[in-house]
Amino acid sequence: MPEILIINGPNLNLTGIREPEIYGTLTMDRIIADVEQAFRGRARISYFQSNHEGHIIDRLHAAGFGTVQGIVLNAGAYTHTSLAIADAIAAIDTPVVEVHMSNVAAREPIRRSSLIAPVCIGTIAGFGPAVYSLAVSALLGSDE
């Protein structure tokens, strides 16, 4: 069974509490459980979250050479600031889909620029928690 790794960056551990008008009221535990349920029997979903840039890079490296079929990455604010995470994505073989629950193109100017988008196979943004399932589906292929 294919494995998809979801990696979340800084402050996403506070989803459901932090700025619910932007990110909603579902906790990340609930969002991940919903993704696991949606893909039960079709894919194994693993999850990692860190508020530390180096830990995210280490996890990308660990999963990036055939360990998993794909990676869903919500790098949080590191999306707009971390050339190091972009370099880590470029260095690995595993496809990465960038996701954002909010429509970053409609937010503050700094959030409209992504350093990681050019090295990801695609970006999904603005559909709330559904971005995670949409990305998993994209990584598994159109028949999912």
Side-chain angles (χ1 to χ4, degrees), residues 1-16 18-19 22-24 26-144:
M1 181 176 313
E3 180 179 354
I4 303 295
L5 171 62
I6 298 173
I7 299 176
N8 274 341
N11 300 308
L12 286 155
N13 56 306
L14 299 178
T15 301
R18 172 183 169 239
E19 300 177 277
I22 296 173
Y23 302 106
L26 292 179
T27 66
M28 193 53 66
D29 287 343
R30 174 61 190 268
I31 293 167
I32 298 302
D34 288 349
V35 174
E36 289 171 335
Q37 178 62 36
F39 292 94
R40 189 163 313 234
R42 293 185 283 166
R44 188 164 79 83
I45 306 298
S46 56
Y47 179 65
F48 177 80
Q49 188 277 328
S50 180
N51 293 315
H52 305 282
E53 183 179 36
H55 294 168
I56 294 167
I57 292 166
D58 289 344
R59 192 65 186 101
L60 286 164
H61 290 173
F65 297 97
T67 305
V68 299
Q69 181 168 325
I71 298 170
V72 176
L73 174 61
N74 185 339
Y78 287 139
T79 299
H80 322 289
T81 63
S82 181
L83 187 57
I85 290 176
D87 286 348
I89 296 166
I92 64 175
D93 296 332
T94 303
V96 177
V97 175
E98 172 188 15
V99 300
H100 302 282
M101 289 188 285
S102 70
N103 180 0
V104 289
R107 294 189 59 197
E108 309 93 312
I110 187 72
R111 294 185 195 273
R112 296 178 195 159
S113 175
S114 171
L115 295 179
I116 67 172
V119 292
C120 291
I121 63 166
T123 301
I124 302 170
F127 295 100
V131 298
Y132 293 97
S133 290
L134 291 167
V136 171
S137 184
L139 286 164
L140 292 174
S142 60
D143 62 335
E144 299 297 324

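Positions are given from 1 along the sequence. If you're wondering where the values come from, they're calculated on a predicted model, not measured in any experiment.
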Query raised in the report: Under 3.5 Å, is there a donor-acceptor pair between the side chain of Thr94 and the main chain of Ala63?
Result: yes
Requested in this report: Might you point out which heavy atoms bring Ala117 and Ser114 nearest each other, and give the distance in Å?
Outcome: N-OG, 2.9 Å
Query - Ser50 and Arg59 side chains, donor-acceptor separation under 3.5 Å - result: no
Requested in this report: Measure across Val119 and Ala86 and return the closest heavy-atom pair with its distance rounded to 0.1 Å.
Outcome: CG2-O, 3.5 Å
Report summary line: Nearest heavy-atom contact between Ala43 and Leu140 is CB-CD1, 3.8 Å
Query raised in the report: Is any side-chain heavy atom of Ile4 less than 4.5 Å from a side-chain heavy atom of Tyr132?
Result: no
Report summary line: Smallest heavy-atom separation, Val104 atom then Arg111 atom, equals CB-O, 3.4 Å
Query raised in the report: Counting N and O atoms only, with roles assigned by atom type, does the side chain of Ser82 sit under 3.5 Å from a partner on the main chain of Thr79, one being a donor and the other an acceptor?
Result: no
**Report entry** Which residues share a side chain to side chain contact (heavy atoms under 4.5 Å, CB included) with Thr67, sequence neighbours left out
**Finding:** none
Requested in this report: For Asp34, enumerate each residue passing the salt bridge (Lys or Arg N to Asp or Glu O under 4.0 Å) test, keeping only those at least two apart in sequence or located in another chain.
Outcome: Arg30
Query - Heavy-atom donor-acceptor pair, Ser133 side chain to Ala130 backbone, under 3.5 Å - result: no
Query - Nearest heavy atoms of Ala84 and Glu53, plus distance in Å - result: CB-OE2, 3.9 Å
Query raised in the report: Shortest non-hydrogen contact from Leu115 to Thr81?
Result: CD1-C, 3.5 Å
Query - Atom pair OG (Ser137) and CZ (Arg42), whose distance is rounded to the nearest 0.5 Å - result: 7.0 Å
Query - Spatial distance of atom CG (Asp29) from atom CD (Gln49) [nearest 0.5 Å] - result: 10.5 Å
Query raised in the report: Rounded to the nearest 0.5 Å, how far does CD1 of Ile7 lie from CD1 of Ile71?
Result: 5.0 Å
Report summary line: The side chain to side chain contact (heavy atoms under 4.5 Å, CB included) partner of Leu73 among Val99, Ile89, Val97, Leu5 is Ile89
Query raised in the report: How long is the span from the CD1 atom in Ile85 to the CD1 atom in Ile57, to the nearest 0.5 Å?
Result: 5.5 Å
Query raised in the report: How many angstroms lie between CZ in Arg40 and CE in Met1, if you round to the nearest 0.5 Å?
Result: 10.0 Å
Report task. Examine distances only and state if a side-chain atom of Arg107 and a backbone atom of Arg112 form a donor-acceptor pair shorter than 3.5 Å. Result -> no
Query raised in the report: To the nearest 0.5 Å, how far apart are CG in Leu60 and CG in Asp87?
Result: 11.5 Å
Requested in this report: Please examine the side chains of Asn13 and Met28, heavy atoms only from C-beta on, and report whether any two atoms are closer than 4.5 Å.
Outcome: no
Report task. Taking atom CZ of Phe48 as the centre, report whether more than 12 heavy atoms of other residues, nucleotides or ligands fall under 6.0 Å from it. Result -> yes
